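Residue numbers count from 1 along this sequence. Given the structure is predicted, the values throughout are model-derived calculations rather than measurements.
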Amino acid sequence: MAASTGSLISMQSRHGMATSRICSLKPVSLSNQGRTYLSFGLRSVPARSLRVSCAAKPETVEKVCEIVKKQLALADGTPVTGESKFTTLGADSLDTVEIVMGLEEAFGISVEEESAQSIATVQDAADLIEKLVEKKD
């Protein structure tokens, strides 16, 4: 369990074992059933050098995988994961535009051209979608 106060950061382990909210500039330790899994200290840094990266929900990644498979007409059994690069799956720039359009329609979002150009993997797309959906709500 994490205990602190201040700015908010939310974290969840990959296996759903521990969900924590950290709100502090003090050292923090996360534990589950007496076992410490992660320990770190937070410090104040200028906003321009702070980068927080959060993985999208598995359901979002799966939905993006299905849309990518459909848009690229991939054969059944073709593995597509969060780490899959569109170019490795055979997508050219037009395919990528069509994938983004399919994602916009499926998730009810609008992706700016600058953001669309930064999407290289399924995970990139899923992370961006969750960010845009959160802004929309």
Side-chain angles (χ1 to χ4, degrees):
M1 184 179 299
S4 5
T5 60
S7 301
L8 176 66
I9 299 173
S10 294
M11 291 186 281
Q12 182 173 6
S13 71
R14 286 187 178 239
H15 303 292
M17 293 176 67
T19 301
S20 301
R21 287 181 174 247
I22 300 169
C23 308
S24 178
L25 295 178
K26 299 175 184 174
V28 175
S29 179
L30 305 177
S31 64
N32 185 29
Q33 298 174 348
R35 295 183 186 157
T36 299
Y37 293 103
L38 176 65
S39 181
F40 60 93
L42 300 175
R43 62 185 171 89
S44 181
V45 294
R48 68 173 188 267
S49 65
L50 177 64
R51 182 171 182 206
V52 176
S53 178
C54 300
K57 296 175 198 164
E59 311 85 63
T60 304
V61 175
E62 185 59 36
K63 189 170 181 179
V64 172
C65 288
E66 293 304 316
I67 291 167
V68 168
K69 287 179 184 180
K70 180 181 175 186
Q71 291 291 335
L72 297 178
L74 298 176
D76 289 340
T78 301
V80 178
T81 66
E83 293 79 31
S84 298
K85 293 183 179 184
F86 294 155
T87 54
T88 303
L89 296 171
D92 59 20
S93 59
L94 180 58
D95 291 323
T96 302
V97 169
E98 290 176 352
I99 289 168
V100 170
M101 290 172 55
L103 296 171
E104 288 176 324
E105 183 177 329
F107 289 94
I109 57 170
S110 179
V111 178
E112 298 292 328
E113 184 177 343
E114 184 177 299
S115 296
Q117 291 176 355
S118 69
I119 299 172
T121 67
V122 169
Q123 188 69 52
D124 292 342
D127 292 344
L128 178 61
I129 288 164
E130 289 204 352
K131 178 179 158 187
L132 293 173
V133 167
E134 185 177 302
K135 278 185 182 179
K136 190 173 99 171
D137 295 339

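Lys136 contributes a side-chain N or O that, together with a main-chain N or O of Gly108, makes up a donor-acceptor pair within less than 3.5 Å.
What you find for Leu74 and Leu89 is that their closest heavy atoms are CD2-O, 3.8 Å. For the residue pair Asp92 and Leu94, the shortest heavy atom distance occurs at OD1-N, 3.1 Å. Nearest approach of Ala106 to Ile67, heavy atoms of both residues: CB-CD1, 3.5 Å.
Contacts classified as side-chain hydrogen bond (donor to acceptor under 3.5 Å, both in side chains) and involving residues 95-116 (residues at least two apart or in different chains) are given here: Glu113-Gln117. Applying the side-chain hydrogen bond (donor to acceptor under 3.5 Å, both in side chains) definition to pairs two or more places apart or across chains, those involving residues 56-67 are Thr60-Glu130.
Between Asp127 atom CG and Ser118 atom OG the span is 10.0 Å, to the nearest 0.5 Å. Atom SG of Cys65 sits about 9.0 Å away from atom CD of Gln123, to the nearest 0.5 Å. Note that CG of Leu128 is 5.0 Å distant from CD1 of Ile119, once rounded to the nearest 0.5 Å.
In this structure, Phe86 and Ile99 have side chains that are in contact, with non-hydrogen atoms separated by less than 4.5 Å. Considering only heavy atoms from C-beta on, Leu132 stays 4.5 Å or farther from Phe107 through its side chain. Considering only heavy atoms from C-beta on, Val111 stays 4.5 Å or farther from Leu103 through its side chain.
Cluster annotation: Val133 is connected to Val61 through the hydrophobic network of ILVMFWY side chains, with a link wherever side-chain heavy atoms come within less than 4.5 Å.
Thr81 and Glu83 are linked by a side-chain donor-acceptor pair at a separation below 3.5 angstrom, with hydrogens and angles left out of the test.
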